[in-house]
Amino acid sequence: MSKIKVVVAGPRGKMGSEALRMVERESDLELVACLDHKFGGSIVKDIEGLPGFDALVYDDIEQCFQNVEADVLIDLTTPEVGYLHTKTAIEYGIRPVVGTTGFTRDQLEELTNLSEEKGIGAVIAPNFAVGAVLMMQFAKMAAKYFPDVEIIERHHDQKLDAPSGTAVKTAELIQEVRESKRQGHPDEKETLPGARGADYDGMRIHSVRLPGLVAHQEVVFGSSGQNLTIKHDSFHRESFMSGVKLAIDHVVKLDLLVYGLENLLD
């Protein structure tokens with residue numbers, strides 16, 4: 001069976017370098033190129049801290065896709081770059097697997113339409129940790145019985161978007177089964193703006209950013225005389241790689257965009 005040819009964007013980043021190590025471990029994957037705005041023209045193995053791949057690094061995505069035969073793009077970069085990379089990949093017939101969060105609804109709609117028009121599969125997942133996906137699904141189940149809920153997400157202090165894509169996706173899933181409800185006292189007043197967190201359909205989302213954290217979320221439900229907390233922790237970025245591999249295995253068979261890893265689980 002032929003190997004799946006992979007391009008990795010942002011190989012020097014914490015997630016990108018972890019993706020390279022995942023590709024190195026998986027016998028059915030082959031790294032054919034990387035995208036890096038500072039190291040165009042270099043060889044991956046010559047960049048300090050990266051695995052010993054002989055693949056070329058490009059600083060121009062179109063040049064990369066014109067010169068390299070690739071099946072899948074793995075993008076775990078930033079929202080601005082990730083959007084451009086995803087759109088360009090679909091236009092070139094390369095299937096993107098994207099863990100970048102922070103896309104707007106308009107961007108997701110545009111990418112969904114483009115994927116369908118081209119018949120090119122794509123996977124965009126706010127979180128690739130399978131445990132986090134299960135946490136979101138369990139929260140959706142619980143929300144049918146516990147409509148009062150707050151989401152607390154904690155990430156490292158280098159994360160650019162707040163709230164996290166996982167927190168927003170969790171709120172969206174809960175919204176599907178929960179009637180709109182404004183929580184707390186009707187006369188509640190913030191004496192410091194933002195103290196109660198972001199408001200999503202009456203739910204509150206709180207973002208914590210501290211060094212030493214990786215990716216953590218708890219969904220806290222309240223009811224008369226009881227609380228239910230559903231919690232997930234990623235202590236190392238390796239926790240996301242099983243989900244990335246799952247997405248790669250599926251995206252090569254898809255002809256449309258899938259948003260959320262839960263849609264790929266049996």
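Note that the structure is predicted; figures quoted are calculated from it, not measured.
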List in chain and number order the residues that pass side chain to side chain contact (heavy atoms under 4.5 Å, CB included) with [X], two or more places apart in sequence or in another chain; answer none if no residue qualifies.
X	answer
L210	V208, L213
V32	K5, V7, E30, V68, A70
A143	I174, V177, F221
L160	T78

What's the spacing between [X] [atom1] and [Y] [atom2] if we round to 0.5 Å?
X	Y	atom1	atom2	value
L31	I4	CG	CD1	13.5 Å
I124	L261	CD1	CG	13.0 Å
R204	I151	CZ	CD1	12.5 Å
E80	Q107	CD	CD	8.0 Å

ILVMFWY network linking [X] to [Y], side-chain heavy atoms under 4.5 angstrom:
X	Y	value
V81	F39	no
I61	V57	no
V251	I94	no
V258	L114	no
L56	L35	yes

Could you go through K14 and H156, starting from their C-alpha distance and side-chain angles, then the distance that decides it, and tell me whether this counts as side chain to side chain contact (heavy atoms under 4.5 Å, CB included)?
CA-CA 12 Å; K14 291 178 180 177; H156 56 89; 5.9 Å; no
List the atom pairs, with distances to 0.1 Å, where a side-chain N or O of residues 125-142 and a protein N or O form a donor-acceptor pair under 3.5 Å, not counting sequence neighbours.
residue : atom : partner : partner atom : Å
N127    : OD1  : A129    : N            : 2.8
N127    : ND2  : T166    : OG1          : 3.1
K140    : NZ   : E176    : OE1          : 2.7

Where the side chain of [X] meets the backbone of [Y], is there a donor-acceptor pair that is under 3.5 Å apart?
X	Y	value
E190	R196	yes
R154	H216	no
E150	V219	no
H236	S234	no
D46	S42	no
E153	S164	yes

Quick test of your reading: applying side-chain hydrogen bond (donor to acceptor under 3.5 Å, both in side chains), list the pairs with at least one residue in residues 251-261, sequence neighbours left out, ordered by first then second residue.
none
So, for [X] and [Y], which heavy atoms are closest and what is the spacing to 0.1 Å?
X	Y	result
I205	Y200	CD1-CB, 4.1 Å
H155	V214	CD2-O, 3.4 Å
P163	S207	CA-OG, 3.3 Å
D75	A9	OD2-CB, 3.4 Å
A19	V8	CB-CG1, 4.4 Å
K45	D54	NZ-OD1, 2.7 Å

So if I apply the side-chain contact (heavy atoms from CB on, under 4.5 Å) rule between V98 and each of L76, L73, T86, which one comes out positive?
T86
Check [Y] with [X], please: is the shortest side-chain N to carboxylate O separation under 4.0 Å?
X	Y	value
D71	R95	no
R12	E48	no
R105	E172	yes
D187	K189	no
E24	R21	no
D233	K231	yes

[Y] and [X], any side-chain heavy atoms less than 4.5 Å apart:
X	Y	value
Q217	H232	no
D28	D249	yes
K38	D59	no
I248	M22	yes
Q183	E188	no

In terms of side-chain heavy atoms, does [X] have a donor or acceptor partner in [Y] at a distance below 3.5 Å?
X	Y	answer
E62	T88	no
E218	T229	no
T104	D106	no

Mark yes when over 12 heavy atoms from residues, nucleotides or ligands other than R182 sit less than 6.0 Å from its CZ; otherwise mark no.
no
CD/Q66: more than 12 non-hydrogen atoms of other groups inside 6.0 Å
yes
Running the 4.5 Å side-chain criterion over Ile, Leu, Val, Met, Phe, Trp and Tyr, what cluster does L84 land in, apart from itself?
none
Considering only residues two or more places apart or on different chains, which pairs with a residue in residues 82-109 satisfy ring pair (Phe, Tyr, Trp, His ring centres under 6.0 Å)?
F65-Y92
Going by salt bridge (Lys or Arg N to Asp or Glu O under 4.0 Å), name the residues that satisfy it together with [X], two or more places apart in sequence or in a different chain.
X	value
E238	none
D60	none
R178	D201

Given salt bridge (Lys or Arg N to Asp or Glu O under 4.0 Å), test D161 with K159 step by step and report yes or no.
CA-CA 6 Å; D161 56 318; K159 185 170 178 58; 3.1 Å; yes
Result block: side-chain N/O donor-acceptor pairs under 3.5 angstrom for residues 115-123, not counting sequence neighbours:
residue : atom : partner : partner atom : Å
S115    : OG   : I120    : O            : 2.4
S115    : OG   : L257    : N            : 3.1

Y58 and D36: side chain to side chain contact (heavy atoms under 4.5 Å, CB included), yes or no, with the steps?
CA-CA 6 Å; Y58 291 84; D36 187 298; over 6 Å; no
Working note: S17 + L50, criterion side chain to side chain contact (heavy atoms under 4.5 Å, CB included); need CA distance, chi angles, decisive distance, verdict.
CA-CA 7 Å; S17 61; L50 297 188; 4.1 Å; yes
